[in-house]
Protein chains: 2
Amino acid sequence: MHTPFHPEYNPLIRKLESIFTLTDDERQALLGLPMQVVALKENQDIVREGDRPNRSCLILSGFACAYKLTAAGRRQIVSFTVPGDIPDLQSLHLKVLDTGVSSISPCSVGFIQHYDLHDLCGSWPRIAAALWRETLIDAAIFREWVMNVGRREGYVRLAHILCELLVRLRAMGLAEDHVCELPITQGEFADALGMTTVHVNRMMQQLRVAGLIQTKGNRLTVPDWEKLKEAGEFDPTYLHLENPDEVAA
Amino acid sequence: MHTPFHPEYNPLIRKLESIFTLTDDERQALLGLPMQVVALKENQDIVREGDRPNRSCLILSGFACAYKLTAAGRRQIVSFTVPGDIPDLQSLHLKVLDTGVSSISPCSVGFIQHYDLHDLCGSWPRIAAALWRETLIDAAIFREWVMNVGRREGYVRLAHILCELLVRLRAMGLAEDHVCELPITQGEFADALGMTTVHVNRMMQQLRVAGLIQTKGNRLTVPDWEKLKEAGEFDPTYLHLENPDEVAA
DNA sequence: CGAAAATTTGAAGAATATCAACGACGGTGG
DNA sequence: CCACCGTCGTTGATATTCTTCAAATTTTCG
């Protein structure tokens, strides 16, 4: 049940370190956080909409998403996760989940009990503030997605989300310059962008023809970052990075 | 500069009271919160995207919205406020604003300095948790909007947002049974729903013909709440109300 | 009353969805 | 190692939603 995760590999600590320098005590508290680590295959539900969980899930590796379903069963992905994210951290204060979370690629996930998180926040105010901050950044990303889906056309919309994913991966040290592994299918992009698979496919071809992206298997290469940013009207401000220039330049 | 607001009229206290019972000390702390009260006409910017404010704005009365602009200058409204909301509460932890906030109708707004909010949160953990919770509910609403804009068609989309607004107003005691004052133009709905004014107009006519809504001036009447909910695929879970049955039944 | 803002209407066009099929690719079992 | 199978990506033809543009009408408000 209690499987401490090896320090070097805990992406939550890495993420917090990118915001401020942890004291030794704070780091110890985080390392001592009990966590049940589980390995998942792709397309497995981690939690479901309507659940009332007493724990939250930290994505340690791999890709996952939060999603909702319409009455007719159509899926809207409302966020992609990057390692270090806790896609249901809100359940710490909101009892019922209003989204499901499921793996997209094979994933490693760490479940943390809410009472352990409450203890952590009570004892370490800076960590509490940092976690609050993380949920606020999630909200900022949702706002940008509303804008993306509401007011940008398919071509721009797709370029934008590719920019976002690349920058977020780079911020966690998970992408080289302008190349990354992106095990997200066109159908999943469609569900995230409010489009159909067919249309995502066509817009992706346009991006390729325009020389803005290259794809090979799951590998995304961005030959001209400036042009892709321009095509996607991408301004990383909303990600509230500490070091935007290193990561989004 | 320091204009304490009369207790009965502070909708923030009302909102927190709907979550849990404030102790006398907590209520005193909230009443003592220094606040600069400002009256605004409609369509006035309260804060702008890119600002780095040292205060947040509590909407005391009237309607406002948070919005973003595309490169081409098209507006996407990402949230409507209801009195008691603090649409830029996130600026407490995120330095740069990623949205603007502007009034829609004449508004009364209370500006609260960040250091006062930090003091309040430091001294009163339950209030801090409640404010965190409020930002989490905002995020839940953004998620629902991503879904609304991404996966529902115009007719459903409009019905959904009308349901949301009515329920949120009722939760604050600002709407009778199924009637409310809604000083939101069709153009503003269009900007919130990612549609054009023309299309909003046509969908609104359809809702009227179907007998789901009636409008007269700013007054919205919902003759058949169950049918409107059904048309909008509206499930209030995402609003995380304490008393959903009173308010959204 | 008069001007500005908001709503409404019509016609034409663009973006995107839908449907159906085919090809490519990776993994699995014989 | 190859044949099979399921998933994913791709393509074409057609249908629908929604936009655009321009103008008329109604409402609001000083």
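Bear in mind that the values here come from a model prediction, so they are computed numbers and not experimental data. Labels below follow one simple rule: chain letters A, B, ... track the order of the sequence lines, proteins then strands, and each chain is numbered from 1.
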By the 4.0 Å heavy-atom rule, please label A:Met204 as base, sugar-phosphate, or nothing. nothing

Whole-Å distance separating the CZ atom of B:Arg152 from the C1' atom of C:dT16: 19 Å

Between B:Ser91 and B:Leu94 (side chain of the first, backbone of the second, donor and acceptor by atom type, cut-off under 3.5 Å), is there such a pair? no

A:Arg208 atom CZ, neighbour heavy-atom count above 12 within 6.0 Å: yes

When you measure from the side-chain N and O atoms of A:Arg208 to the phosphate of D:dT10, is any distance below 4.0 Å, counting only OP1 and OP2? yes

Interatomic distance where CD1 belongs to A:Ile104 and C1' belongs to D:dC8 [whole Å]: 15 Å

C:dT7 phosphate, OP1 or OP2: any side-chain N/O from B:Asn201 under 4.0 angstrom? no

Report the distance from atom CD of A:Gln206 to atom P of D:dT10, rounded to the nearest whole Å. 13 Å

If you find the nucleotide of DNA chain C closest to A:Gly194 and the one closest to B:Ile184, which residue's nucleotide is nearer the 5' end? B:Ile184

Return yes when atom CD of A:Glu49 has more than 12 non-hydrogen atoms of other residues, nucleotides or ligands closer than 6.0 Å, and no otherwise. yes

Between B:Val198 and B:Met203, the residue closer to the 5' end of DNA chain D by nearest nucleotide is B:Met203

Counting the atoms with a prime plus P, OP1 and OP2 as sugar-phosphate, which does A:Thr185 contact under 4.0 Å by heavy atoms, base, sugar-phosphate, or nothing? sugar-phosphate

Nearest to side-chain heavy atoms of B:Thr197, which nucleotide of C:dT16, D:dT10, C:dT8: C:dT8

To the side chain of B:Arg202, which of C:dT9, D:dT17, C:dT18 is closest? C:dT9

Would you call A:Arg55 and A:Asp88 a salt bridge, using N to O less than 4.0 angstrom? no

Classify the nucleic acid contact of B:Arg151 as base, sugar-phosphate or nothing, counting any heavy atom under 4.0 Å across all strands shown. nothing

Name of the residue among A:Arg157, A:Arg151, A:Arg152 meeting salt bridge (charged side-chain N to carboxylate O under 4.0 Å, His left out) with A:Glu233: A:Arg152

Using a 4.0 Å heavy-atom cut-off, does A:Gly217 contact any base of the nucleic acid, only the sugar-phosphate backbone, or nothing at all? nothing

Can you check the B:Glu42 CD to D:dC29 C1' distance for me, whole Å? 10 Å

How many whole angstroms separate atom CZ of B:Arg157 from atom P of D:dC18? 6 Å

B:Asn218 has an atom CG; how far is it from atom C1' of C:dT7, in whole Å? 13 Å

Atom pair distance, as rounded to whole Å: CD in A:Gln186 and P in D:dG9: 4 Å

Measure the distance from CG on A:Leu182 to P on D:dC8 and round it to the nearest whole Å. 15 Å

OP1 or OP2 of D:dT11 sitting under 4.0 Å from any side-chain N/O of A:Gln205? yes

